[in-house]
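Below is one structure, written out as C-alpha cells, with a few remarks after it.
Here is how names work: the chains are called A, B, and so on, in the same order as the sequence lines, proteins then strands, and each is numbered from 1.
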Amino acid sequence: MKDYIISLFNKLSEKLEYIAGLDLTFSAPAQETHGDLSTNVAMTLTKKLRKNPRQIAAEITDALDYDERIISKIEIAGPGFINFFFNPEYVASIVPVIIREGENYGRSVINNGKSAIVEFVSANPTGPLTVGHGRNAVIGDTIATMLEWTGYKVDREYYFNNAGRQMRILGESLRLRYMALCGEENEFPEEYYQGEYLVDIARSLFEREGDSLKNNEVSFFKDIAEREIFRDIENTLSNINIKMKSFFNEHSLYEDGKIEEVLKSFQEKNLSYEKEGAKWLKLTELGMEQDKVMVKSTGEPTYRLPDIAYHITKFEREYDLIVDLFGSDHAATYPDVMAALKALGYDTEKVKVLIHQFVTIMEGKEVVKMSTRKANFITLDELTEEVGRDVVRYFFIMRGISSHLNFDLQLAKKHSDENPVFYLQYAHARICSILRMADKEGLEPDDSLYRLLTAPSEITLMKKLHQFPGEILYSTSGFEPHRIANYLEELAALFHKFYTECRIIGVEKDLSSARMALAIAVQTVLKNGLGILGLSAPDRM
RNA sequence: GCCCACGUAGCUCAGCAGGAUAGAGCAACGGUUUCCUAAACCGUAGGUCACAGGUUCGAAUCCUGUCGUGGGUACCA
C-alpha cells in the first residue's frame, strides 16, 4: 500500500518541484478516522515555502493523480496531515496474492546474489551453554533467517578459542576429577571449574578406561573436555533448532600464519611498537583513546590480534555483509578491532556489530548471578526441557535486543501456559481446525471472491496482511527481530477478533468460500512468520 | 573518573526515521459459550513516559545535565 503512495509522490515531483528529493515519511495513524496512511510533508515544508501547512497540503492533494480503485479518499486534517484512505476492494485483493505466493509471501529479492555471515554464540568450550547464551543464540539465528528472507545467502558461524589459560584450567580440572576416581586424594582448588559436568566426563572416562590414563598430560584431558563439551553445546543448540554452518577455531589462525601476517602488516604500516617486552598497537594514531597490547610480554597474543586476523578471514571469504553478535560484556572490544581493520584497508562498512544486553535471571525476587567457573548457572538445556523449545525461542526474541531483560524462572515455569507464544500458535491451530471442519462440510475456499470481504474486522485484518513483507524488510534492515514477534501478536489478535465477529461456516456459500480464503491467507502469514522466528506452527493444540 | 546501553501502568515490556487522545501481555475487577477450539473475545481500573533544562509549530522519541540500574574500562575473552 505504501509503495503505491510513494509512486504517486514520485510522479508528483515532476509537477511540484519542491517535492523532489524530499525525505517522505508515511505512517499508519493511531486512529482509524485518520485514514490508513498519513504523511506530514506539508508541515515539514512550511519553513521552506513560507506558507500555511494546510495550504501546502491542499496544493499537493490537488496535484495528486491517483487511481480511485486503489484510493477511496484523501483528506487534509489537523495541522496539515494528508490522510489516505484505501479502497476496501483493493485491500481485499491481497488475499489471492498471499494464496498464490504461499510460503514465499514475505520474501524479497533485494539482496539476491549477496552473501552474509552471522557470527554468534561463540562461547568458549569451558562448560554447557547457559540461559545467558540463549539470548545470543536465538537472536543470532533469527537475524540469519531474516537476512535469508531478504535474499542473502547466509552462513552461521561459531568462533571459539580452545587455547589459553582458561582452557588449561579446564584440562587440569578434569584431570583432578579423574585422578580422584583413580583413588588419588587431591584438593580441588576454588578457582577451578566446579561444574558437575566435568565430574560426569571424568566418570565416563574412568568407566571406559579404568585408571590407565593416569599418566597423561593436562593437554590430553583438555582435549577430551573440549570434545565432550562441544558435543554438548551442539546438542543444546540443536534442541532449540539452531544449526551452525561452521565452527571457526581461533587456533587455526596461528597454524595458517595469519597472526604473523597481521603483525607484519602493522609493522609495515608503522602502527606497532615494543614497550616493556610487549608489542603494542598504536590505536591513538587511529583516533582511539589509548594504545593497547597485542602481544603480551609472555609471548601470548591478547584477544585483539586473533580477532583482527579472524575478521580478515571474513573479508577474504568475500561476504557482502558481516554480522557480529555480542553480549554487552564484549562491547568494549570491537571498536579497537574495527579501527585496526580499517587501518589495514578493509571496508568496515560491511561489518555490522550488534550488541545485545544481558538477561538478568531472577528466582522470585532474587537475582541469580551466574558463572561458568563457579557452576552456579542454569543451563540452556535445563530451561528448554522445562518450558520447551518454542517458549525459549520466543522469550528471547520478543524484546528489543538493547533492552535489559528480566527472566523470572519461577514465573516461566509456573505460568508457561500464559506465554504469548501460545497465543500465536493458537491462532494458527484455530485456523487449521476451522478449515478441517469446513472441508468436512464440503466447503471450498475461493480467493477470487475477495470482494465479498467487507466487514470492518475483515478489512483491518487484511490491512495487517498487507504489511507483512514491509515489516520483514524494515525489521531486517534495522536488525530488530522482535518486531516480527510484535507484528505476529497483532496479526493474531486481529484474527481472533475476526473470528468472534464473522462466522466462516454457516453463512452464505460464497461468503463462506471468501472467508476460508482469508483464513488461509492469515494461516500462511502466521506460518511464515513463526518460521522466521524458528517456531513451530501447530495444526492443533 | 571515563565509555556504552537502559529507566514508559502493580509486574514484564512495545512504541523512539519527532506528529493527532501514550499501548500490549500478565496481575485486579466485571461480562460473553444451545453457535467454526473460551489457550478466545468485550469492558472497568491503572501513567508527572526517572528528574531538570533545551531545540521545535509539535518531544516518550532529538540535545545537555542530574539521579538510578546493568555492562565495560586489564599484558582476561
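Distance from the side chain of Met437(A) is smallest to C36(B) among C36(B), U21(B), A39(B). Side-chain proximity of Ala278(A) to the nucleotides C36(B), C75(B), A77(B) is greatest for C75(B). Ranking A14(B), C75(B), A77(B) by closeness to the Asn486(A) side chain, first place goes to A14(B). Here A39(B) is the nucleotide among A39(B), C42(B), C35(B) with the atom lying nearest to any side-chain atom of Phe422(A). Of the candidates C35(B), G71(B), C41(B), C41(B) carries the atom nearest the Thr500(A) side chain, counting heavy atoms from C-beta on. Considering only the side chain of Arg399(A), U12(B) comes nearest among C75(B), U12(B), A20(B). Minimum atom distance to the side chain of Met43(A) is reached by G19(B), of the listed A20(B), C75(B), G19(B). Closest to the side chain of Ile504(A), from the set C75(B), G71(B), C36(B), is C36(B).
Note on Lys292(A): every side-chain N or O is 4.0 Å or more away from OP1 and OP2 of C75(B). The phosphate of G15(B) (OP1 or OP2) has a side-chain N or O of His482(A) nearer than 4.0 angstrom. Close to C41(B), at under 4.0 Å from its OP1 or OP2, lies a side-chain N or O of Tyr423(A). Within the 4.0 Å cut-off from OP1 or OP2 of C76(B), at least one side-chain nitrogen or oxygen of Lys296(A) is found. Taking side-chain N and O atoms only, Arg430(A) has a distance below 4.0 Å to OP1 or OP2 of A38(B). In terms of phosphate contacts, Tyr499(A) brings a side-chain nitrogen or oxygen within less than 4.0 Å of OP1 or OP2 of A38(B).
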Requested in this report: Quick one: do Phe248(A) and Phe160(A) satisfy ring-ring contact (aromatic ring centres under 6.0 Å, His included)? Show the steps, please.
Outcome: CA-CA 6 Å; Phe248(A) 194 106; Phe160(A) 69 100; 8.6 Å; no

Query - Criterion side-chain contact (heavy atoms from CB on, under 4.5 Å) on Arg436(A) and Arg540(A), from CA distance to verdict - result: CA-CA 11 Å; Arg436(A) 278 193 299 268; Arg540(A) 54 185 91 223; 3.6 Å; yes

Write down the protein N/O and nucleotide N/O pairs, taken from nucleotides 3-7 of chain B, whose separation is under 3.5 Å; answer none if there are no such pairs.
| residue | atom | partner | partner atom | Å |
| --- | --- | --- | --- | --- |
| A5(B) | O2' | Gln357(A) | NE2 | 3.4 |
| A5(B) | O2' | Ser402(A) | O | 2.8 |
| A5(B) | N3 | His404(A) | NE2 | 3.2 |

Protein-nucleotides 9-11 of chain B N/O pairs closer than 3.5 Å?
none

Under 3.5 Å, N/O pairs linking protein and nucleotides 28-31 of chain B:
none

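Between the side chain of Arg515(A) and the backbone N or O of Arg503(A), at least one donor-acceptor pair lies under 3.5 Å.
The aromatic ring of His34(A) sits over the base of A20(B), with ring centres less than 5.5 Å apart and planes inclined by under 30°.
For the pair Lys73(A) and Phe85(A), the cation-pi test (distance below 6.0 Å, angle within 45°) is passed.
Taking atom P on both C3(B) and U64(B), the two are 11 Å apart, rounded to the nearest angstrom. Between the C1' atoms of U8(B) and G23(B), the separation comes to 10 Å (whole Å). A24(B) sits 10 Å from G43(B) when the P atoms are compared, rounded to a whole Å. Only the P atoms considered, C63(B) is 23 Å distant from U69(B), to the nearest whole Å. C26(B) and C62(B): their P atoms are spaced 30 Å apart (whole Å).
Spacing between atom CD of Glu508(A) and atom P of C36(B) amounts to 20 Å, rounded to whole angstrom units. Counting to the nearest Å, the C1' atom of C76(B) and the CG atom of Leu305(A) are 15 Å from each other. Distance Ile355(A) CD1 to G71(B) P: 15 Å, rounded to the nearest Å. The distance between atom CD1 of Ile434(A) and atom P of A39(B), rounded to the nearest whole Å, is 14 Å.
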Query raised in the report: How is the base pairing of RNA chain B summarised as a dot-bracket string, given the Watson-Crick and G-U wobble criteria with both distances under 3.5 Å, [ ] for crossing and | for another strand?
Result: (((((((..((((.....[...)))).(((((.......))))).....(((((..]....))))))))))))....

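A search for side chain to side chain donor-acceptor pair (under 3.5 Å) contacts involving Lys292(A) returns Asp336(A), not counting sequence neighbours. With sequence neighbours left out, Lys463(A) forms a side chain to side chain donor-acceptor pair (under 3.5 Å) with Asp36(A). Partners of Arg483(A) by side chain to side chain donor-acceptor pair (under 3.5 Å), not counting sequence neighbours, listed by chain and number: Glu471(A). Listed by chain and residue number, nothing satisfies the ring pair (Phe, Tyr, Trp, His ring centres under 6.0 Å) test with His34(A) (two or more places apart in sequence, or in another chain). Glu300(A) is linked by a salt bridge (charged side-chain N to carboxylate O under 4.0 Å, His left out) to nothing, counting only residues two or more places apart in sequence or in another chain. Residues passing the side chain to side chain donor-acceptor pair (under 3.5 Å) test with His496(A) are Arg430(A), sequence neighbours excluded. Taking the side chain to side chain contact (heavy atoms under 4.5 Å, CB included) definition, one finds that Met437(A) meets it with Ile505(A), sequence neighbours left out. Residues that satisfy the ring pair (Phe, Tyr, Trp, His ring centres under 6.0 Å) test with Phe84(A), not counting sequence neighbours, are absent from this structure.
The minimum heavy-atom distance between Pro125(A) and Asn161(A), with the atom names listed, is CD-O, 3.8 Å.
As judged by a 4.0 angstrom heavy-atom cut-off over every strand, Leu405(A) is placed among residues touching the sugar-phosphate backbone only.
Within the 4.5 Å cutoff, no side-chain heavy atoms of Met398(A) are placed close to those of His482(A).
Mapping Pro301(A) and His496(A) onto RNA chain B by nearest heavy atom places His496(A) closer to the 5' end of the strand.
A salt bridge links Lys314(A) to Glu119(A): at least one charged side-chain nitrogen sits closer than 4.0 Å to a carboxylate oxygen. With respect to Lys497(A) and Glu501(A), a salt bridge is recorded, a charged nitrogen being found less than 4.0 Å from a carboxylate O.
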